[in-house]
Structures are given as structure tokens and as C-alpha cells.
Amino acid sequence: MNGRRFLSIGECMVELSQAGDGLLRKGFAGDTFNTAWYARACLGPDWSVDYFTALGDDAMSDEMAAFIAGAGIGTNLIRRIKGKTPGLYMINLKNGERSFSYWRDSSAARSLAADPDHLREAVESAEVIYFSGITLAILPQEDAATLLSEIRRAKAVGKLVVFDPNIRPRLWSSYDVMHTTISEGARSSVLVMPSFDDEAAHFGDDSIEATIHRYRALGALDVVVKNGADGVNLNFGGEESFVPAEKVEKVVDTTSAGDSFNGAFLARYLETQDAPAAARFAAKVAARVVSEHGALVAKEKLGLRGR
Ligand code: ADP
């Protein structure tokens, strides 16, 4: 194996979507997995991308692991837990409106940080560590603390730790726990990549500047605030810039817009250290993603040329 590893930590779920005539189509998706997918599609061959989660020992866990590996993403760090199964969600369509039902309360991924030695080895093996507010939300509180302490160690030794708050109030036991834990996630990270609508709704930020200021005041060095069709605002070590979104003819499905932006941004940023250029590239990739159905758009459709 080569030396440069991007490690994404979180939960991938079985996805069931409507396929017409009452039939359901099976897929696999989840925020941190989606980002790993796009990072893999955009990074060169000198990088390995690994997914860190826990799966069960059933057929669906095997199928998911095979799917992840099939995308060129490493599965060697995935722990298997006897008697467990992956989480599941279903996309419902009613009069053109999408809604989601989840069955994830007892998923294997909830135990992803239950083996601290295994977690430490994985984090130590990587140069870049990516996680989200959803990763923290699904963990028992003591395991979230274990994960955050490993994340802080990684930051302390100079690794690039990246956090997307991805705020989902339904996953948290209370607003208080959510605010405290997400703030701790950001404090433990180098780069925070929030979406402004979530931050305004759940932290009460009245401007993008307020979001940037809050995360930098907590201790994040760099912040990228995504704001849908209105583009992204960056603050890297105090230096500010704005990158507009790409024009999209017809928005088909915004699922995983933010996840794909993060994966593409990080891939380009790791190779160039040029944050505004990485954001321009990521805006192009995300524009393709919102123009297609589904969370995971195939590499061939991303217009990456030569990768
Ligand atoms: P999230 O999916 O996390 O809420 P956003 O909605 O901010 O994130 O979208 C992430 C990125 O996807 C944006 O920064 C932009 O580049 C792209 N994007 C999202 N919606 C559109 C749109 N309607 N037109 C063009 N680009 C879009």
C-alpha cells in the first residue's frame, strides 16, 4: 500500500428507493460514505481512500462491503460485529415530495468506536481524517468521547482533520447534547465544512460570517460554508474568499450535494493546497451531482477527464 490515506468515518446504510409498480430498488449510501466515494473518484492513484465503520455478519453486510470495495474504497478497517446488521432507510415519494424513513437505531455502525485500539490504529494510519455530525450523533456518548479524543490526537500531530456538522436534530437526544457535541467536533478539527441553512436553523447564525466566526472561535483553523445555489464562502487561516455555484440547467436531485462538494473539494485541496481553486472544482462536481438522480453519481458522469 502507498502512504497517503484518506480515512472517512461514519455509517453507510442500505437505501431503498421507489422503482415503480410498487417495486423497491436497493442501494447503499450515507453522508461520510458519499464523501469517500467522491474523494475516491477525484483523487489520483497515489492516494488510498478507506471507509471506517462497523458492519454485521449477515449477507447484507457482506454485500455492502463488496459494494464499498467495488468503488475502489478500502474495507480492511471495517469491523464486523456478530449478530448485527446495517442500518436501512427508505426514500418515499408522495406527489413529487420526498420523505425519509429510517431503521438505524440498532445498526452495527453504532458500535464503530467501541474498540478504542482498533480506532486508534486506523486514525494513526491516515493522513486525512473525515467525519461528521451524523457520525457523532449515532454513537453512544462515551464512544463519541473516544472518537473525539482520537480526532484531537490526530489534529495535535498535524493531520488534516475535517468535519461536516451535518446537523440532524432527530438523531440527537436533546438540542443541548447536539450543540455541545457538534461544537466539540469542530473544536477538534482543522477544517469545518458546514451548510449555512442548517447552521442558521439550529445554531441561530444570522449570517455566513457568523457561522465562520463561531467555528473559528471554537478552534477550527479553516471553514468552508456551503450555501446551495448561492455558492461557498471560505476562510482559510483568516483569508476570506467567495466561490459562486455553477449554473445548473435543471436540478434533478440535491441528495448528497454537500457530500459530493466535500469529497471533490478535499481531493483537489490535498493535491494543490489551493482552497479557492478546490472550491471551483467542487462546485463543478456538485453541479453534476444535482443534475442526476441518486446520491452516488458514477465517475464517468462527473466530467473529471484524465482521472
Ligand atoms: P447540502 O447538501 O449539505 O445542504 P448545499 O445545498 O449547500 O449543501 O450544496 C452543496 C453544493 O452543491 C453547493 O455549494 C453548490 O456547489 C452545489 N449546489 C447545490 N444546489 C445547487 C444548485 N441549485 N445549483 C448549483 N449548484 C448547487
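Atoms considered below: every heavy atom in the structure, side chains included; atoms not considered: hydrogens, waters and symmetry mates. Counting starts at 1 for both ligands and their atoms, following the listed order.
Below 4.0 Å from some heavy atom of Gly258 lie the following atoms of ligand 1, by number and element: 1 (P), 2 (O), 3 (O), 8 (O), 10 (C). The distance from ligand 1 to the heavy atoms of Ser195 drops below 4.0 Å at these ligand atoms: 1 (P), 3 (O), 4 (O), 8 (O). The distance from ligand 1 to the heavy atoms of Lys226 drops below 4.0 Å at these ligand atoms: 7 (O). Taking every heavy atom of Asn227 and a limit of under 4.0 angstrom, the matching atoms of ligand 1 come to 7 (O).
Ala286 CB, 3.3 Å is the protein heavy atom nearest to atom 12 (O) of ligand 1. With respect to atom 9 (O) of ligand 1, the closest heavy atom belonging to the protein is Ala257 CB, 3.7 Å. Here the heavy atom of the protein found nearest to atom 22 (C) of ligand 1 is Ala229 CB, 3.7 Å. Protein heavy atom at the shortest distance from atom 24 (N) of ligand 1 is Val248 CG2, 3.6 Å. The nearest heavy-atom contact from the protein to atom 23 (N) of ligand 1 is Val251 CG2, 3.5 Å. Remark: minimum distance from atom 6 (O) of ligand 1 to any protein heavy atom is reached at Gly228 CA, 3.5 Å.
Taking the six-membered ring for Trp and the full ring otherwise, Phe28 and Phe33 have centroids separated by 6.0 Å or more.
Residue Val232 places no N or O, backbone or side chain, under 3.5 Å from any N or O of ligand 1.
Classification of the Tyr102-Phe100 ring pair by plane angle, with boundaries at 30° and 60°, yields parallel.
Of all the heavy atoms of Glu246, the ones lying under 4.0 Å from any atom of ligand 1 belong exclusively to the backbone.
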May I have the list of side-chain donor-acceptor pairs in residues 247-256 shorter than 3.5 Å, sequence neighbours left out?
| from | atom 1 | to | atom 2 | distance (Å) |
| --- | --- | --- | --- | --- |
| Asp253 | OD1 | Thr255 | N | 2.9 |
| Asp253 | OD1 | Thr255 | OG1 | 2.6 |
| Asp253 | OD2 | Gly294 | N | 2.8 |
| Thr255 | OG1 | Arg98 | NH2 | 2.5 |
| Ser256 | OG | Ala295 | O | 2.7 |

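Residues Val14 and Met60 share a closest heavy-atom pair of CG2-CG, 3.6 Å.
Residues forming a side chain to side chain donor-acceptor pair (under 3.5 Å) with Ser99 (at least two apart in sequence, or on another chain): Asn92.
A cation-pi geometry, defined here as NZ or CZ lying under 6.0 Å from the six-membered ring centre and within 45° of its normal, does not hold between Arg104 and Tyr89.
Using a distance-only test at 3.5 Å, with no hydrogens or angles considered, a donor-acceptor pair links the side chain of Tyr51 to the main chain of Gly10.
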